[in-house]
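Reading through the structure tokens given below for one structure.
Just so we're clear, the structure is a prediction, and the values are computed from it rather than from any experiment. Note: hydrogens, waters and symmetry copies are ignored here, and every other heavy atom, side chains too, is used. Each ligand, and each atom within it, is numbered from 1 in the order the structure gives.
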Amino acid sequence: MSEILQQLAQVLEQRKQESADQSYVASLYAKGLDHILKKVGEEATETVIAAKGGDKDQIVYETADLWFHSMVMLADQGLGPDDVLRELQRRFGLSGLEEKAQRDK
Ligand SMILES: N=c1c2ncn([C@@H]3O[C@H](COP(=O)(O)OP(=O)(O)OP(=O)(O)O)[C@@H](O)[C@H]3O)c2ncn1[C@@H]1O[C@H](COP(=O)(O)O)[C@@H](O)[C@H]1O
């Protein structure tokens with residue numbers, strides 16, 4: 001399933017060469033990092049509201065918007081889904097409580 005993340009990441013890279021009036025992603029790059037971060041914040045808020053509402057379809061829809069805009073932010077910063085997946089892999093099996101205890105030492 002993570003194949004779609006790789007495919008989307010490729011499209012996001014290609015959109016760096018395209019014009020803002022032909023592509024929504026290119027228009028986000030053209031508006032700059034602050035605008036992309038504003039979209040990430042908006043989509044995060046909409047995801048929270050959807051989860052409070054409890055409608056499963058709406059939660060999936062808003063989370064997809066949040067993941068998509070987060071991926072645009074990563075691409076803008078020269079990063080991609082592999083970087084985040086590697087970090088999740090590194091954490092896998094390490095209890096959040098243990099990790100916090102190590103950090104607080
Ligand atoms: N997955 C997405 C995707 N998810 C959401 N969106 C867009 O993100 C926007 C969501 O923002 P809002 O809900 O705030 O709607 P809005 O008011 O129109 O947005 P703003 O004008 O405020 O930015 C909508 O325009 C959606 O169409 C996406 N746009 C593109 N993609 C992927 O990116 C690819 C490249 O897109 P283009 O660059 O547009 O060709 C597409 O083929 C898709 O795979």
Tell me whether [atom] lies less than 4.0 Å from at least one protein heavy-atom position.
atom                    : result
atom 42 (O) of ligand 1 : no
atom 26 (C) of ligand 1 : no
atom 18 (O) of ligand 1 : no
atom 8 (O) of ligand 1  : yes

Tell me whether Q22 reaches ligand 1 (any heavy atom closer than 4.0 angstrom to a ligand atom). no
If you compare R15, E18, H35, Q14 by their heavy atoms, the one closest to atom 35 (C) of ligand 1 turns out to be R15
At less than 4.0 angstrom from any non-hydrogen atom of [X], what atoms of ligand 1 do you find?
X   : value
L8  : 32 (C), 33 (O), 44 (O)
K39 : 11 (O), 12 (P), 14 (O), 19 (O), 20 (P), 22 (O), 23 (O)
H69 : 8 (O), 10 (C)

Closest heavy-atom pair and its distance - [X], [Y]:
X   : Y   : value
S2  : L85 : CB-CD1, 4.4 Å
L12 : Y29 : O-OH, 2.7 Å
E62 : T47 : O-OG1, 3.2 Å
H69 : Y24 : NE2-OH, 3.0 Å

Closest protein heavy atom (residue, atom, distance) for [atom]:
atom                    : value
atom 13 (O) of ligand 1 : E43 OE2, 4.1 Å
atom 28 (C) of ligand 1 : F68 CE2, 3.3 Å
atom 36 (O) of ligand 1 : V25 CG2, 3.8 Å
atom 24 (C) of ligand 1 : Y24 CZ, 4.4 Å
atom 38 (O) of ligand 1 : S23 OG, 2.5 Å
atom 34 (C) of ligand 1 : V11 CG1, 4.0 Å

Residue part near ligand 1, for D65, under 4.0 Å between non-hydrogen atoms: side chain
Any side-chain heavy-atom pair of L74 and D83 under 4.5 Å: no
Side-chain heavy atoms of L28 within contact of M73, under 4.5 Å: no
Answer yes or no: does atom CG of L97 have more than 12 heavy-atom neighbours from other residues, nucleotides or ligands under 6.0 Å? no
Could you point out which residue of D65, D57, I59, T63 forms a side chain to side chain contact (heavy atoms under 4.5 Å, CB included) with Y61? D65
Keeping the roles fixed (side chain from K16, backbone from A75), state whether a donor-acceptor pair exists under 3.5 Å. yes
Quick check: does any side chain N or O of S95 sit under 3.5 Å from a backbone N or O of E98, one acting as donor and the other as acceptor? yes
